[in-house]
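One structure below.
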Amino acid sequence: MVIQEIRVTPVAFRDPPLLNAAGVHEPWALRTVVEVVTDDGHSGLGETYGDLAHLDKVRECAKALVGLDVHHTHEMYARISAIVGDVVGDLHGLTGASSKEKSVDRVFSPFEVAALDIRGKAANVPVCDLLGGRVRDAVPYSAYLFYKWAGHPDAEPDRFGTALDPDGLVAQAALLIEEYGFRSIKLKGGVFPPDREIAAIRALHAAFPGVPLRLDPNTAWTVATSVRVARELDGVLQYLEDPAPEISGMARVARESGARLATNMCVVTPEHLPQALAQEAIQVLLLDHHYWGGLARSAQVAALCGTFGLELSMHSNSHLGISLAAMTHLAAATPNLTYACDTHTPWQDGQDVVKPGALRFVDGAVPVPPGPGLGVELDRDALAAMHEQYLACGLTARDDLGYMRRFQPDFTVRRAHW
Ligand SMILES: O=C([O-])C(=O)C[C@H](O)[C@@H](O)C(=O)[O-]
Ligand SMILES: [Mg+2]
């Protein structure tokens, strides 16, 4: 099962104007589809970020992996590590600091997922069986709410409507719950002063009694504000995600408020874990195989978290079906991942590079796709069309800040802002 060819295709799909602490989503979200083909006729899929600096590294590494057996992922990692010399980060910073280790993990991830897809197909088993087997048949996801404008400023309003106040968010939650059946809710905060976001959480709490709620301001608050908000929402939130910057800041919030804190920003590589554990900075880690080095490495981190008493949830960025399939296999095979995972799927609103049918939501959960490997099949027409969109859209990197500044020139990233 030797790698003969790797095809790397950047794609773009429409994205609504979702607001966050770094600005606002542009009209197009970028991703990269990786197809690995072996000499015995198997092919496997991976999906990763579409930012040009990252894409260039993925392309360069793809060439270096030809001739490698798909089982030899240690060698795959070593070759990628030798190529990814510089730090390849992202502009928005919403998944924490960049480092060489994280950059290698990000580039390695789609190749590892594609290799597992191939190994699953060859053995006629789903990828979750290669990760220890499923402990759940369907993976729960949460309704991921965003403050948003009615539509992009130069376009028609989209079907999701405006959400700039509690009523708008309650309506958005009702729509996502009706369409997907979600049983927990996450609000992307860090957009408005904290009291407005507290009011939104209270409105969601009243409108959806008993539904677990999370709030994620992406480090928009100081430690003092975080402690105040955590106290005010005591008993209302399931967890509070990244209220303040840095492990030391999160540790102070945890100590002073007693709140359950989660992160996808201050612990983003294995080297952060000892410090976070020593300072008791977090109780929940959001895994994300796209930057934790693929599925097997994420499973190893999950086991470590189990040993040290950290709970697990899962982070997402704008993504397509290959990623959703990979996230679902990982979560299905991770016993201690007990929180509903994040997904941006509703915002992709039916656009996909995989054929319909394999991935569906039942009561807010995605049943593990039944086929071998990832269980999803590439839709070549859709891939070609999305690649054309990539070429035509003119974007080469996600830039929430730059886009926001076109409408609010004095906007700055909300980091310890309130
Ligand atoms: O949990 C998070 O921090 C995220 O999901 C980061 C994302 O980039 C989100 O903020 C977004 O899509 O704007
Ligand atoms: Mg987060």
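Whatever order the structure lists them in is the order used to number ligands and atoms, beginning at 1. Remember, predicted model here, so these are calculated numbers, not experimental data. All values below were derived from every heavy atom in this structure, side-chain atoms included, with hydrogens, water molecules and symmetry-related copies excluded.
Of all the heavy atoms of Lys188, the ones lying under 4.0 Å from any atom of ligand 1 belong exclusively to the side chain. Of all the heavy atoms of His319, none lies under 4.0 Å from any atom of ligand 1, so neither backbone nor side chain is involved. Under 4.0 Å from ligand 1, the heavy atoms of Asp216 that appear belong solely to its side chain. Of the heavy atoms in Asn264, only side-chain atoms (C-beta onward) come closer than 4.0 Å to ligand 1. Of all the heavy atoms of Arg214, none lies under 4.0 Å from any atom of ligand 1, so neither backbone nor side chain is involved.
Taking the six-membered ring for Trp, Phe361 and Phe182 have ring centres closer than 6.0 Å.
Among all protein heavy atoms, the one lying closest to atom 3 (O) of ligand 1 is Asn218 ND2, 2.8 Å. Of all protein heavy atoms, the one lying nearest to atom 11 (C) of ligand 1 is His25 NE2, 3.1 Å. Ranking protein heavy atoms by distance to atom 5 (O) of ligand 1, first place goes to Tyr144 OH, 2.5 Å.
By the 3.5 Å distance cut-off applied to N or O atoms, Ser316 is counted among the residues near ligand 1. Of the N or O atoms in Asp400, none lie within a sub-3.5 Å distance of an N or O in ligand 1.
For Arg398 and Tyr49, the positive end is not near the middle of the six-membered ring at less than 6.0 Å and at most 45° from its axis.
Salt-bridge check for Arg415 with Glu246: passed, with a basic side-chain N closer than 4.0 Å to an acidic carboxylate O. One finds a salt bridge joining Glu377 and Lys355 here, because a Lys/Arg side-chain nitrogen approaches an Asp/Glu carboxylate oxygen to under 4.0 Å.
Angle subtended at the Mg ion (ligand 2) by Glu241 OE2 and Asp216 OD2: 80°, rounded to 10 degrees.
Asn264 lies close to the Mg ion (ligand 2), since one of its N, O or S atoms is found at a distance under 2.8 Å.
Summarising the contacts of atom 7 (C) of ligand 1 with Asn317, Asp342, Thr343, Thr219, the nearest heavy atom is found in Asn317.
Contact annotation: His344 has at least one heavy atom less than 4.0 Å from an atom of ligand 1.
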